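A quick note: this is a predicted structure, and the numbers were derived from the prediction, not measured. Whatever order the structure lists them in is the order used to number ligands and atoms, beginning at 1.
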Amino acid sequence: MRIFKFGGASVKDAAGVRNVCKVLNTIGYENTGIVVSAMGKTTNALEEIIERYLSEDTTYVDLISHLYEEHMEVIGALEQPSNDQESDFSVRFRESGIKKDIKYIIESLTEELLRNKSKSYSFLYDQVVSHGELMSTKIVAAYLNECGIPLQWKDAREFIKTDNKYRDAAVKWKESEKLVKKKCGAQLFITQGFIGSDDNGFTTTLGREGSDYTAAILAYCLDADSVTIWKDVPGVLNADPRAFQNTVLLQKIPYNEAIELAFYGASVIHPKTLQPLQGKKIPLYVKSFLLPEDEGTVITDAATIDPFIPCYIVRKNMVFMKISSRDFSFIGENNISDIFQELSEHKMQVGLLQNSAISFSLCVEDKYNKLKELLADLESRYKISHVTGVSLYTVRHYNEDAMEFIEAGKEVLLKQRAQETLQLIVKE
Ligand code: ADP
Ligand code: ASP
Ligand code: MG
């Protein structure tokens with residue numbers, strides 16, 4: 001088996017869905033498990049629906065209608081046969097029942113919200129956002145089937161089993177492995193990234209951008225030969241091309257290096273993706289969905305990154321905090337443990353830390369909007385200053401030129417150098 005993953009960008013519209021078909025016809029699709037994310041920005045739209053619903057803003061129903069229309073538009077465009085398709089394609093695609101399927105998914109979303117009695121934001125979040133992946137996989141499956149690619153549509157919640165930590169669920173590996181082997185082995189199938197289910201059958205999600213991770217989970221459970229994630233970039237570059245010019249393709253990356261890059265924030269790969277693959281030495285290919293025959297990047301147990309050049313990562317909108325004791329006493333192990341306990345409880349992701357005798361500096365990402373709460377809790381025991389909206393730059397394998405380049409024209413609040421990694425907190 002091998003696993004392919006198509007992300008939101010690759011299926012953002014009808015042209016994207018058609019291109020998935022082209023990629024499969026070019027590369028082949030025997031014994032392939034295909035993981036698909038929600039189309040384009042659907043997950044963000046579903047998040048907005050939850051926000052409005054919870055603030056009792058009834059216009060959330062308009063957003064649901066809009067989402068419905070958007071998906072129907074994609075189906076409408078797919079109905080038009082392209083030049084190389086038979087003339088009865090439109091009729092067959094129409095008769096596949098896909099419009100009914102999408103209508104049903106949208107109705108179940110609306111009912112879910114009307115019925116909801118839960119006060120838990122995270123629980124509701126997972127029940128709602130999962131509808132994006134359900135819709136995209138239905139559309140892609142219907143289209144590919146009509147194009148003569150006979151794949152089975154599968155509901156990932158039947159085999160990706162997790163705990164009930166909604167929005168950031170942890171996989172139950174043994175249970176999932178058994179189910180994945182039973183339900184997905186040795187066949188061509190399509191399923192949703194990002195979603196799973198808990199012991200009570202409620203939907204869970206694996207964290208934003210978690211579809212890459214789903215691909216890795218399936219590969220692990222099926223002892224797959226490889227995973228390929230199809231992207232709008234030629235592979236993993238030495239920097240995000242949206243933030244840097246003149247980026248260079250990394251042809252080979254060792255697992256550990258890829259884990260480091262993902263950890264520091266290279267958003268091209270979800271950080272949890274590598275670990276299950278590394279355990280079984282399953283190679284991860286990152287390739288362009290526009291140039292599927294190009295080599296792209298392979299992440300394997302290679303000895304070193306190739307080419308060996310500086311890699312740049314920037315995480316924007318971070319918070320820089322300086323914490324010191326109220327009485328100028330040392331910041332000791334007890335304080336550090338106490339501070340980390342608070343960070344963990346408030347789901348802050350730490351990107352950098354540095355301590356001196358009397359202070360402790362941190363750069364954190366406030367993913368869940370909990371900064372106010374965290375500060376309120378810590379301020380009873382510590383003196384804290386903080387700056388929001390800073391950027392954290394990381395350079396792996398830096399050299400003199402890279403240091404000069406990254407610092408040029410920036411207001412640096414803190415700089416930290418380790419053997420392989422340079423980090424700067426910058427006021428933007
Ligand atoms: P999808 O969700 O469609 O799978 P993503 O948008 O999550 O894809 O990832 C692709 C994007 O990742 C690219 O468009 C690029 O801007 C960004 N990116 C960030 N860092 C890198 C990097 N080092 N190399 C390539 N792309 C990167
Ligand atoms: N649709 C989800 C998200 O946008 C998962 C993913 O795309 O990987 O976060
Ligand atoms: Mg993504």
Honestly, is Lys138 close enough over Trp153, meaning NZ or CZ under 6.0 Å from the six-membered ring centre and within 45° of the axis?
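Yes, Lys138 and Trp153 form such a contact.
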For Tyr393, is the NZ or CZ atom of Lys410 found under 6.0 angstrom from the centre of its six-membered ring and inside 45 degrees of the ring axis?
yes
Output, in order, the C-alpha distance, side-chain angles, deciding distance and verdict of ring-ring contact (aromatic ring centres under 6.0 Å, His included) for Phe405 and Tyr312.
CA-CA 11 Å; Phe405 164 71; Tyr312 302 88; 5.4 Å; yes
Classify the contact between Ser37 and ligand 1 as side chain, backbone, both or neither, using a heavy-atom distance cut-off of under 4.0 Å.
neither
Please compare Ser211, Pro234, Ala239 and report which has the shortest non-hydrogen distance to atom 22 (C) of ligand 1.
Ala239
Minimum distance, heavy atoms only, to atom 7 (O) of ligand 2: which one of Ser130, Ser37, Gly193 is it?
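Answer by nearest heavy atom: Ser37.
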Can you report which non-hydrogen protein atom sits closest to [atom], along with the distance?
atom	result
atom 9 (O) of ligand 1	Lys231 NZ, 3.5 Å
atom 6 (C) of ligand 2	Ser211 OG, 3.3 Å
atom 13 (C) of ligand 1	Asp232 OD1, 3.3 Å
atom 20 (N) of ligand 1	Asp240 CB, 3.5 Å
atom 3 (O) of ligand 1	Ala9 N, 3.2 Å
atom 27 (C) of ligand 1	Val268 CB, 3.5 Å
atom 24 (N) of ligand 1	Leu237 N, 2.9 Å
atom 2 (O) of ligand 1	Glu209 OE1, 3.6 Å

Please indicate whether any nitrogen or oxygen in Lys5 is less than 3.5 Å from any nitrogen or oxygen in ligand 2.
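For ligand 2, there is no N or O atom that lies under 3.5 Å from one belonging to Lys5.
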Side chain or backbone, does Arg208 bring an N or O within less than 3.5 Å of an N or O on ligand 2?
yes
Ile323, Ile425, Leu352 screened by side-chain contact (heavy atoms from CB on, under 4.5 Å) with Leu362, the one that passes:
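The residue from Ile323, Ile425, Leu352 that satisfies side-chain contact (heavy atoms from CB on, under 4.5 Å) with Leu362 turns out to be Ile323.
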What do you reckon, does Arg242 have a nitrogen or oxygen under 3.5 Å from a nitrogen or oxygen of ligand 1?
yes
Taking N or O atoms only and a 3.5 Å limit, does Asn238 qualify as a polar contact for ligand 1?
no
Polar side-chain atom of Asn238 near backbone of Pro310 as donor-acceptor pair, under 3.5 Å
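Answer holds: yes.
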Heavy-atom check, side chain of Ile229 versus side chain of Phe6, under 4.5 Å:
no
In a check of side chain to side chain donor-acceptor pair (under 3.5 Å) between Arg2 and each of Asp225, Thr32, Asn31, which one passes?
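When Asp225, Thr32, Asn31 are each tested with Arg2, the side chain to side chain donor-acceptor pair (under 3.5 Å) holds only for Thr32.
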Asp212 near the Mg ion (ligand 3): N/O/S under 2.8 Å
no
Centroid separation under 6.0 Å, is that true for the rings of Phe123 and Phe202?
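Ring centres of Phe123 and Phe202 closer than 6.0 Å.
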Are Tyr368 and His346, when compared by the centres of their aromatic rings, separated by less than 6.0 Å?
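Centroid distance Tyr368-His346: not below 6.0 Å, so no.
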Which of the atoms in ligand 2, numbered in the order shown and given with their element, are less than 4.0 Å from a heavy-atom of [X]?
X	result
Phe194	2 (C), 5 (C)
Glu133	1 (N), 2 (C), 5 (C)
Thr43	1 (N), 2 (C), 3 (C), 4 (O)

Show, in sequence, the C-alpha distance, side-chain angles and deciding distance for Phe159 and Lys178, and conclude whether the side chain to side chain contact (heavy atoms under 4.5 Å, CB included) test is met.
CA-CA 8 Å; Phe159 43 83; Lys178 235 194 243 163; over 6 Å; no
Protein heavy atoms near atom 6 (O) of ligand 1, is at least one of them under 4.0 angstrom away?
no
Minimum heavy-atom distance Glu133-Val36, with the two atoms named:
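Looks like CG-O, 3.7 Å.
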Shortest non-hydrogen contact between Val248 and Pro307, atoms and distance
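Nearest pair, atom of Val248 first, then Pro307: CG1-CG, 4.2 Å.
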Which is the closest N/O/S atom of Glu209 when seen from the Mg ion (ligand 3)?
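Closest N, O or S atom of Glu209 to the Mg ion (ligand 3): OE1.
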Could you establish whether Gly235 and ligand 1 come within less than 4.0 Å of each other, counting only heavy atoms on the residue side?
yes
Is the closest heavy atom of His270 to ligand 1 under 4.0 Å?
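It does not; every heavy atom stays at 4.0 Å or beyond.
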Should we count NZ of Lys154 as having more than 12 external heavy atoms under 6.0 Å?
yes
Looking at Lys322, I want to see if its NZ is surrounded by more than 12 non-hydrogen atoms of other residues, nucleotides or ligands under 6.0 Å.
no
Numbered atoms of ligand 1 (with element) below 4.0 Å of Gly8, judged on heavy atoms:
2 (O), 3 (O)
Under 4.0 angstrom from ligand 2, any heavy atom of Gly8?
no
